[in-house]
Amino acid sequence: MSNRPIYLDYHATTPVDERVLTAMLPYFTECFGNPSSNHIYGWEGGAAVKQAREIIATAINATPEEIIFTSGATEANNLAIKGVGEAYFQKGQHIITVATEHNAVLDPCQYLQSLGFEITILLVQGDGIINLNQLGEALRDDTVLVSVMAVNNEIGVLQPLAEIGAMCRQNHVLFHTDAAQAIGKITLDVQEMQIDLMSLTAHKIYGPKGVGALYVRRRNPRVQLAPQQHGGGHEQGMRSGTLATPQIIGFGKAVEIAVAEQDKENQRVVRLRDKLWSQISQLEGIYLNGHPTLRVGENLNVSVAGVNGAALLRGLQPTMTISSGSACSSTKTEPSHVLTALGRSQDLAYASVRFGIGKNNTEEEINQVAAHFISTVTSLRKQGSLV
Ligand SMILES: Cc1ncc(COP(=O)(O)O)c(C=O)c1O
């Protein structure tokens, strides 16, 4: 393991925390009962799921009944957007979202558009943050949903959730946020921020892959949601399917740890991130993508002038695992839709690197990464590698 590249792709996914794994293990073997079963095996599973649900609800200031378990944030986003679209069809068919959203939000919106909905896609400012006046102007009488992510997965910027929530509430429009990259990194409070639906996932916070949740507000207002998966009526009929007990237990444990350690871990990753930036920013022609301070501590996204993006990645990857653009779309050959939305040129959008710093990174690794980054850029520039 030790001679593998330094892992710096914590936005893409994270290793499962040993404490999370330990909590999950009994639910694969001894306590394997179906939480829906009315006998001792089922009750055991059901009690553990109940506890996980409570932990997750408490973390965002919701009630346990407002947590609907899903397979991850992609499914939660689909359920929120298509579920609201279908349930509020009679009220209106206009949805507002943002150009820098994850495809798991943009694509369900596009799907609704194919059914006749109108989708307004807000542009962002050069720093990646939306303009609230533009949101205000986009709201209409037939708007049923505003979907704005909490933390961007590529550039780490934070959107003004409380301000968006207040505007939506005032206009009687539901507010959904994709918080896949936010839980455990920033404090989320669905009451204070007036959020009506929130998508979560476990695998970005040292939990297992394949589990997430959708928070669905039950009071003031009670959100109506059309299920997107039909069957046994689990999760109050909103998401049928046998609950993935071990994953849910792991999700609960991961949230518990992430929230408890949030402040300490944030301080540590900010220190490492700032150290990395202070070294690599000494290069000429290097640009920080996204707002310099309104961003999560673990993220550093930079564009480098005068180098070819693919050559840069090839040069860096033996030493470090990083992504260019978002990992979920890294097979695409177009430049990142997030960076182009910031107004970056094609060349700068291609020649971009997303560093995602996490729990296992050390100061020594960051120094190594900075030195290798500087030498790679310098040598590519000497070779004149723009092609
Ligand atoms: C902002 C954002 N939304 C949604 C997703 C998809 O989450 P999941 O992998 O849990 O489906 C991701 C993961 O890449 C993400 O970063």
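Numbering of ligands and ligand atoms starts at 1, following listing order. Keep in mind that this is a model prediction, so the values were computed, not measured. Just so it is clear, the values below take in all heavy atoms, side chains as well, and ignore hydrogens, waters and symmetry mates.
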Asks: Is there a nitrogen or oxygen of S71 sitting under 3.5 Å from a nitrogen or oxygen of ligand 1?
Replies: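 There is no such contact.
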
Asks: Taking N299 for its side chain and E154 for its backbone only, find out whether a donor-acceptor pair lies under 3.5 Å.
Replies: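 At least one qualifying donor-acceptor pair exists.
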
Asks: So, the side chain of Q282 versus the backbone of S278: is there a donor-acceptor pair under 3.5 Å, distance only?
Replies: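 Confirmed, Q282 side chain pairs with S278 backbone.
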
Asks: Would you kindly specify which portion of T74 sits under 4.0 Å from ligand 1, judged on non-hydrogen atoms: side chain, backbone, both or neither?
Replies: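 It is both parts that get close, each with some atom under 4.0 Å.
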
Asks: Run the numbers for me: atoms of ligand 1, each under 4.0 Å from some heavy atom of M149, listed by number.
Replies: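 Near M149, meaning under 4.0 Å from one of its heavy atoms, ligand 1 has 1 (C).
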
Asks: Against heavy atoms of G72, which atoms of ligand 1 measure under 4.0 Å?
Replies: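 It comes down to these atoms of ligand 1: 10 (O).
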
Asks: Can you list the atoms of ligand 1 that are under 4.0 Å from a heavy atom of K204?
Replies: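 Those qualifying, in numeric order: 12 (C), 13 (C), 14 (O), 16 (O).
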
Asks: If you count the atoms of ligand 1 from 1 in the order shown, which ones are under 4.0 Å from a heavy atom of D178?
Replies: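 Numbered from 1, ligand 1 contributes 1 (C), 2 (C), 3 (N), 4 (C).
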
Asks: Looking only at distances, can you tell me whether any N or O atom of Q181, backbone or side chain, sits closer than 3.5 Å to an N or O atom of ligand 1?
Replies: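 There is such a contact, yes.
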
Asks: Just to be sure I read this right, does ligand 1 sit under 4.0 Å from the backbone of A73, its side chain, both, or neither, counting only heavy atoms?
Replies: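 Both backbone and side chain.
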
Asks: Any side-chain to backbone donor/acceptor pair from H372 onto G315? Under 3.5 Å, distance only.
Replies: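 Yes, H372 side chain to G315 backbone: donor-acceptor pair under 3.5 Å.
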
Asks: Might you work through the ring pair (Phe, Tyr, Trp, His ring centres under 6.0 Å) test for Y111 and F117, ending with a clear yes or no?
Replies: CA-CA 9 Å; Y111 169 75; F117 278 74; 9.3 Å; no

Asks: With a 6.0 Å cut-off (strictly less than), is the heavy-atom count around CD of Q51, excluding the residue itself, greater than 12?
Replies: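 Not buried by this count: 12 neighbours or fewer within 6.0 Å.
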
Asks: As an exercise, identify every atom of ligand 1 less than 4.0 angstrom from a heavy atom of H203.
Replies: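 Checking each atom against H203, I get 8 (P), 9 (O), 10 (O).
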
Asks: Applying the side-chain contact (heavy atoms from CB on, under 4.5 Å) criterion to T143, which one of N171, L174, V173 satisfies it?
Replies: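 One option only clears the test, and that one is V173.
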
Asks: Say whether H11, considering both its backbone and side-chain N or O atoms, lies within less than 3.5 Å of an N or O atom on ligand 1.
Replies: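 Such a contact does not occur with ligand 1.
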
